[in-house]
Trainee: 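Quick one: this structure, given as structure tokens, is what I'll be asking you about.
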Amino acid sequence: MLAKHKFLRLFRYYNSQKNPNIKPLRHLICNPLCTATESPELPSWIKSSDTKNLDEDFVIPSLASWVESYKLHDPSLAINISSEKTDTDIDRLSKILKNRYPSPDEVVQALDGSCLSASTGLVEQILRRFSNDLVPAVGVFTWAKTQTGYRHTPEIYNSMVDILGKGKKFDLMWDLVREMDDLNDGYVTLATMGKVMRRLARGGKYDEAVEAFRGLDKFGVTRDAMAMNLLMDALAKEKSVEHAYEVFCEFKDCTPLNVGTFNILIYGWCKARKLEDAERTMDEMKKHGFVPDVVSYTSFIEHYCREKDFRKVDELFMEMQEKGCKPNAVTYTIAMHALGKAKQINEALEVYEKMKSDGCLPDAKFYSSLIFILSKAGRTKDANEIFEDMKKQGVMPDVLTYTTMISFACEHSREEDALKLLQKMEEDSCKPDLKTYAPLLKMCCKKRRMKVLNFLLIHMFRNDVSIDAGTYALLVRGLCLSGKLELACSFFEEMVSKEMVPMNATYKILIEELNKKSLGEAKEQIEKLMSQVKPRESV
DNA sequence: CTAGGGTTAG
């Protein structure tokens, strides 16, 4: 049967969407937890591979009727749904966390003294809101476990594993994985171990990531093609395609391979500018009886785009045609974007024309790129027209489209436009992310709009967007350049208090500015903080 | 998450 929390998320999702994007829906529904026979049968379009071009008038009623039949199927859900409306718990909980307790234990104590009760929705939201803030995240997670009648879902465990990995707390991360395993309830899945491997790879612990893969069966997870691809992808994306290749060599004879396995390597070699290795992998792929597909070719096209070798890009498009491999929206996006960035705007627009004549439909990401290159070329009016036109074509702007529009509005100091777009996003139920807020924050620093800055910080919090080290760096730097040193110092302190390691450049600019203004006392304070920063965990 | 993101320079 469909897990309750999952149903609730689905419910919230369908309640909030004006323009359904099927991808997250499928992600929500299509997993082993949800495929049991007792559940009302899912609408068939959810499982169909054609996730694009489903229109709203069709999807929403279909989903709504499924949700209704599900409610009948499990009447207890009605109660949960009505309690969804009480968003005061999250506010009260957040207020307590604002006290910035120094350790998770103290968070637990504070929460024990409150009359809050844990629920899946509440914990999920807190973990999102504090995903870059370990003390409150771990505190709430630990506290919720002690609440009677509450049990963490596997997804919440997975989120916590991910948060610990992101914060480089690898020992704690492993402890938690073992704790999940001890529950003996199939809590550790490939989703869990995927996060583990990815975080280890990102932390440069390549060997440990491989070890995690080797030991998958200890947690009852199968070492299949999907698991191996996950590991290889994690390694290849973190600048270590060589490690990915080693994994490939070691396991290729005892693990089933698929096209994806080879594409991950091709992509990795291309990204690392090792074209010969990429070509060798392509040959090896053929030897294994796999035919290069659009993904394989697109990786090569991207490589030549990076090299600005557009003659070679054309050749590859031709080769694809010969081989009967149709380029898709991704392929066209890459080619157009690269031409636009290389200031060959007319050639870029030709790609758009070619795409249309080839019968390939643009998607939101494609339009975002088009808007980006037009704006970059100073053609703001055309960019705006495309932004309006895409909706008429039935493609709703996504977070990247809005971020692109907001970035350029900020770059041209069109404050009002930028904020209106942010508001429009909300109306469209399109959630902003850190990259959406970054240009807005930067603009506020530059123009010394402290009230707007404050508004944005609250906006972020309300949208569960947790500030990361990069965003703190942007704030400190921007405020330094605008002479708002007091605020710059307080963000620096906040950053350090979250165990983030400031970059040298961030530290340097702050010290320099404090020196310039002869603020000796504040400078000493910052130096003291910096000396207490724990050096990055190594080996 | 097998491929498409502009990020931290004036």
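Quick note on labels: first sequence line is chain A, next is B, and so on, each numbered from 1. Worth knowing before you read on, the calculation uses all heavy atoms, side chains too, and leaves out hydrogens, waters and symmetry mates.
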Trainee: Taking the six-membered ring of A:F461, is NZ or CZ of A:R129 closer than 6.0 Å to its centre and within 45° of its axis?
Mentor: yes
Trainee: Would you indicate, yes or no, if B:dG4 has its OP1 or OP2 atom less than 4.0 angstrom from a side-chain nitrogen or oxygen of A:Y267?
Mentor: yes
Trainee: Just checking A:G194: base, sugar-phosphate only, or nothing, at a heavy-atom cut-off of under 4.0 Å?
Mentor: nothing
Trainee: I need the CD1-P distance between A:I373 and B:dG5, as an integer number of Å.
Mentor: 13 Å
Trainee: Calculate the interatomic distance between A:F248 atom CZ and B:dT2 atom C1'; express it in whole Å.
Mentor: 14 Å
Trainee: At less than 4.0 Å, is any side-chain N or O atom of A:K271 found next to OP1 or OP2 of B:dA3? Yes or no.
Mentor: no
Trainee: Do you know which of A:Y332, A:Y304, A:F300 makes ring pair (Phe, Tyr, Trp, His ring centres under 6.0 Å) with A:F317?
Mentor: A:Y332
Trainee: Round to the nearest Å and state the distance from A:N504 atom CG to B:dT8 atom C1'.
Mentor: 13 Å
Trainee: Nearest whole angstrom, please: distance from the C1' of B:dT8 to the CG of A:L510.
Mentor: 15 Å
Trainee: Assess A:K286 against A:F290: is NZ or CZ under 6.0 Å from the centre of the six-membered ring, and within 45 degrees of the ring's axis?
Mentor: no
Trainee: Using a cut-off of 4.0 Å on non-hydrogen atoms, how would the nucleic acid contact of A:D233 be classed: base, sugar-phosphate, or nothing?
Mentor: sugar-phosphate
Trainee: Counting side-chain heavy atoms from C-beta on, which of B:dA3, B:dT2, B:dG5 comes nearest to A:I264?
Mentor: B:dT2
Trainee: Identify whether the distance between the nearest side-chain nitrogen and carboxylate oxygen of A:K326 and A:D358 falls below 4.0 Å.
Mentor: no
Trainee: Separation of A:L265 atom CG from B:dA3 atom C1', in whole Å?
Mentor: 14 Å
Trainee: Under 4.0 Å, counting only non-hydrogen atoms across every strand here, what does A:N328 touch: a base, just sugar-phosphate, or nothing?
Mentor: base
Trainee: So what does A:L400 touch, heavy atoms closer than 4.0 Å: a base, only the sugar-phosphate, or nothing?
Mentor: base
Trainee: Classify the nucleic acid contact of A:F262 as base, sugar-phosphate or nothing, counting any heavy atom under 4.0 Å across all strands shown.
Mentor: nothing
Trainee: Using whole Å, what does the distance between atom P of nucleotide B:dG5 and atom CD1 of A:I406 come to?
Mentor: 18 Å
Trainee: Among B:dC1, B:dA3, B:dT8, which nucleotide sits nearest the side chain of A:E302?
Mentor: B:dA3
Trainee: Let me see the working for A:F213 and A:M193 under side-chain contact (heavy atoms from CB on, under 4.5 Å), right down to the final yes or no.
Mentor: CA-CA 8 Å; A:F213 174 73; A:M193 297 310 289; over 6 Å; no
Trainee: Nearest to the side chain of A:V295, which nucleotide is it out of B:dT2, B:dT8, B:dG4?
Mentor: B:dT2
Trainee: Counting only side-chain heavy atoms from C-beta out, which of B:dA3, B:dA9, B:dG4 sits nearest to A:R477?
Mentor: B:dA9
Trainee: Rounded to whole angstrom units, what separation is found between the CG atom of A:D363 and the P atom of B:dG5?
Mentor: 12 Å
Trainee: Within the structure shown, what part of the strands sits under 4.0 Å from A:M503 by heavy-atom distance: base, sugar-phosphate, or nothing?
Mentor: base
Trainee: Just call it for A:K376: base, sugar-phosphate, or nothing, with non-hydrogen atoms closer than 4.0 Å on any strand.
Mentor: nothing
Trainee: With no hydrogens and no angle check, do the side chains of A:D398 and A:Y367 hold a donor and an acceptor under 3.5 Å apart?
Mentor: no
Trainee: Base, sugar-phosphate alone, or nothing: which one does A:K237 contact when heavy atoms must sit under 4.0 Å apart?
Mentor: sugar-phosphate
Trainee: Classify A:T403 by what it touches in the nucleic acid, base, sugar-phosphate, or nothing, heavy-atom distance under 4.0 Å.
Mentor: base
Trainee: Would you say the side-chain atoms of A:D428 pair up with the backbone N or O of A:C430, donor to acceptor, closer than 3.5 Å?
Mentor: no
Trainee: When you measure from the side chain of A:N263, which nucleotide among B:dA3, B:dT8, B:dT2 comes out closest?
Mentor: B:dT2
Trainee: With the side chain of A:T331 defined as its heavy atoms from C-beta on, choose the nearest nucleotide among B:dT8, B:dG5, B:dA3.
Mentor: B:dA3
Trainee: For B:dT8 and B:dG4, measure between their C1' atoms and round to the nearest Å.
Mentor: 23 Å
Trainee: Determine the contact category for A:T404: base if any of its heavy atoms lies under 4.0 Å from a base atom, sugar-phosphate if only primed atoms, P, OP1 or OP2 are that close, otherwise nothing.
Mentor: base
Trainee: Can you tell me how far C1' of B:dT2 sits from CE of A:M232, to the nearest Å?
Mentor: 10 Å
